[in-house]
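Since the structure comes first, as structure tokens, the remarks are kept for the end.
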There are 2 protein chains.
Amino acid sequence: MPKATFFNLDPEKREAVLQAAWEEFARHPFEQASLSRIVQDSRIAKGSMYQYFEDKLDLYLYMVELAYEQKRSYLKKAFALKADMFTILEEYYHQSYLFARDFPFMHRVINNFWDSRAPALEAELARGKLSRSQDFSGFLKEARRKGVVNPLLNPEAIFFVYHAVGRDLIEYFGDEANSRFVSDVLDVLKYGLQAREEGS
Amino acid sequence: MPKATFFNLDPEKREAVLQAAWEEFARHPFEQASLSRIVQDSRIAKGSMYQYFEDKLDLYLYMVELAYEQKRSYLKKAFALKADMFTILEEYYHQSYLFARDFPFMHRVINNFWDSRAPALEAELARGKLSRSQDFSGFLKEARRKGVVNPLLNPEAIFFVYHAVGRDLIEYFGDEANSRFVSDVLDVLKYGLQAREEGS
DNA sequence: AGGTAATGTGACCACCCAGTCATAAGGGGA
DNA sequence: TCCCCTTATGACTGGGTGGTCACATTACCT
């Protein structure tokens with residue numbers, strides 16, 4: 001958490017710090033990101049930074065939190081939908097796409113965060129992963145109960161697949177992915193690969 | 001490529017260097033790996049390292065190459081199979097699992113390599129990705145021709161899904177994954193999620 | 001204007017890094 | 001023993017890092 005001083009700051013200055021930090025943490029994972037560079041880019045004295053934040057980690061976690069706050073405001077539109085699992089998932093990734101399009105820096109910061117291996121972040125990452133897996137589990141259980149999902153499949157394997165695909169889908173937004181492609185990918189998961197007599 | 005001196009080395013010494021390098025590159029991505037640590041751990045003078053290798057990158061790429069050589073000797077067993085696509089894929093991931101079990105350090109080095117973002121590795125990574133995508137493309141086209149794979153699905157989306165899932169499957173070997181789990185995951189891809197009247 | 005508390009500052013510290021180089025040591029062959 | 005070539009060595013260079021601190025500056029209240 002930033003110190004009170006940071007919030008008392010002249011908004012223009014605060015924005016400059018944030019902007020420099022977005023660029024740095026978007027370009028580099030936590031360990032390789034450089035406070036010195038952020039300080040240089042935002043034309044602020046090194047010492048000032050330590051008036052605003054405890055240390056590099058404090059700043060970083062704050063940025064991640066800001067980014068997630070913004071992203072959640074997109075994602076909630078998907079969860080608000082009263083529809084079947086596949087539709088909700090499609091909207092979920094669609095909203096992720098819109099977020100990445102509108103806030104590319106935040107998007108990259110979040111991606112870097114998820115595949116960070118810094119020991120300082122281990123605890124934070126584990127918490128996030130667990131929470132996500134539980135969310136999806138509840139979601140999936142509901143869908144199975146309703147008979148929307150093939151009950152013969154191992155739920156953990158389903159989560160694994162969605163996690164992996166969702167991760168890459170989000171990682172490569174802006175590259176090859178677009179809305180149409182997201183649908184196609186989800187179709188692969190929905191219908192499966194194996195050819196069938198009666199198409200659906 | 002190592003310099004000739006490296007191959008003239010007393011095998012015990014050479015092994016010590018390699019062992020220290022495996023541990024370092026397994027624990028840290030290229031940029032964060034420290035030559036100084038490797039040199040310390042292998043009880044060799046800093047200068048000696050530069051008698052054996054051009055620089056840090058030279059050593060690193062050599063290690064990745066060694067690891068891949070070993071891994072290929074496992075994977076080729078899958079490609080030698082005369083069976084349908086799903087069976088071959090299952091064997092492919094099974095062999096990946098065995099490799100990770102037998103050579104955990106190499107396995108982690110390869111994983112770190114794939115999600116490295118170091119500019120020095122960009123070219124090498126792009127080459128590898130392209131080659132893999134072409135391999136899979138040919139593979140998939142063949143399967144479609146034989147009617148094993150649902151022709152309504154977007155081939156690029158199929159590749160995307162397999163790439164993502166395969167990547168994570170390999171990344172987490174040793175954690176949650178085992179042979180049974182690999183099958184379950186592949187079943188999810190094969191049969192798809194959506195419930196059907198007649199099970200298969 | 002005076003005084004006090006909050007902020008700003010950049011030189012500086014200790015540490016780590018990849019890579020270099022002058023010098024020393026070793027290993028045949030003559 | 002001498003020579004020469006290959007190999008070993010670790011102090012050193014130049015540069016980067018996160019973080020500190022004594023001091024300067026500003027802002028606000030009386």
Side-chain angles (χ1 to χ4, degrees), chain A residues 1-21 23-25 27-64 112 116-121 124, chain B residues 1-21 23-25 27-64 112 116-121 124:
Chain A
M1 264 302 180
K3 302 181 182 174
T5 315
F6 183 65
F7 297 109
N8 299 340
L9 226 51
D10 170 32
E12 200 170 326
K13 207 172 189 178
R14 196 166 54 222
E15 227 19 77
V17 171
L18 289 179
Q19 189 50 43
E23 295 186 11
E24 183 66 13
F25 289 126
R27 245 177 272 288
H28 304 280
F30 172 70
E31 305 244 30
Q32 274 153 31
S34 154
L35 257 192
S36 302
R37 272 194 299 256
I38 295 178
V39 149
Q40 263 189 332
D41 290 359
S42 51
R43 272 185 263 277
I44 265 188
K46 188 80 160 281
S48 295
M49 208 58 169
Y50 286 85
Q51 305 270 14
Y52 309 150
F53 298 91
E54 287 299 333
D55 52 19
K56 186 182 166 185
L57 181 62
D58 187 32
L59 166 61
Y60 182 68
L61 290 181
Y62 177 62
M63 302 303 287
V64 171
N112 284 343
S116 168
R117 258 184 299 283
L121 302 175
E124 196 66 20
Chain B
M1 262 303 177
K3 302 181 182 174
T5 316
F6 182 66
F7 297 110
N8 298 339
L9 226 53
D10 171 31
E12 200 169 326
K13 209 172 189 177
R14 195 165 54 220
E15 224 23 73
V17 171
L18 288 179
Q19 189 50 43
E23 296 187 10
E24 184 65 13
F25 289 126
R27 244 177 272 288
H28 304 281
F30 172 70
E31 306 244 31
Q32 273 154 30
S34 156
L35 257 192
S36 301
R37 273 194 297 257
I38 296 178
V39 150
Q40 264 190 331
D41 290 0
S42 52
R43 270 182 264 276
I44 265 187
K46 187 82 161 278
S48 295
M49 209 57 171
Y50 288 85
Q51 306 273 14
Y52 309 151
F53 298 91
E54 286 300 333
D55 52 19
K56 186 181 164 183
L57 182 63
D58 186 33
L59 165 61
Y60 181 67
L61 290 180
Y62 177 62
M63 302 304 287
V64 170
N112 284 343
S116 168
R117 259 183 299 282
L121 301 176
E124 195 67 22

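Just so it is clear: chains get the letters A, B, ... in the order the sequence lines come, proteins before strands, and each one is counted from 1.
- With C:dG19, D:dT9, C:dA18 as the candidates, the nucleotide lying closest to the side chain of B:S36 is C:dA18.
- Among the protein residues, B:A33 comes within range of the sugar-phosphate backbone only, with heavy atoms under 4.0 Å from sugar or phosphate atoms but none that close to a base.
- Although no hydrogens or angles enter the test, the distance criterion places a donor-acceptor pair under 3.5 Å between the side chain of B:D58 and the main chain of B:M1.
- As rounded to whole Å, 15 Å separates atom P of D:dT26 from atom CG of A:D10.
- Residue contacts for A:S34: at a heavy-atom cut-off of 4.0 Å it reaches the sugar-phosphate backbone alone, with no base atom in range.
- Backbone-only contact: A:K13 has heavy atoms under 4.0 Å from sugar-phosphate atoms and none from a base.
- Between the side chain of A:K3 and the main chain of A:Y50, a donor-acceptor pair closer than 3.5 Å is present.
- Checked against D:dG18, D:dT7, C:dG8, the side chain of B:T5 finds its nearest nucleotide in D:dT7.
- Proximity of A:N8 to the phosphate of C:dA6: no side-chain N or O atom is located under 4.0 Å from OP1 or OP2.
- Out of C:dA18, D:dA8, D:dT17, the shortest distance to the side chain of A:R37 is found at D:dT17.
- Which of C:dT9, C:dA18, D:dG18 sits closest to the side chain of A:L35 comes down to D:dG18.
- The listed nucleotides are D:dG10, C:dG19, C:dG8; the one nearest the side chain of B:D55 is C:dG19.
- Computed from coordinates, the B:F7 CZ to D:dT7 P distance equals 13 Å when rounded to whole Å.
- Between A:F7 and A:Y62, the angle of the ring planes goes over 60°, which puts this pair in the perpendicular group of the 30/60° scheme.
- Contact annotation: A:Y52 does not reach the phosphate of C:dT7 (side-chain N/O to OP1 or OP2, under 4.0 Å).
- Nearer the 5' end of DNA chain D, as judged by each residue's closest nucleotide, is the contact made by B:A4, out of A:G47 and B:A4.
- When distances are taken from the side chain of B:Y50 to each of C:dT20, C:dG8, D:dG18, the shortest belongs to C:dT20.
- Distance B:M49 CE to C:dC21 C1': 18 Å, rounded to the nearest Å.
- Using a 3.5 Å distance cut-off with no hydrogens or angles, the side chains of B:Q19 and B:E15 do not pair a donor with an acceptor.
- Counting any heavy atom pair closer than 4.0 Å across all strands shown, A:L9 reaches sugar-phosphate atoms only and no base atom.
- Between the side chain of B:K46 and the base of C:dA18, at least one donor-acceptor pair of N or O atoms lies under 3.5 Å.
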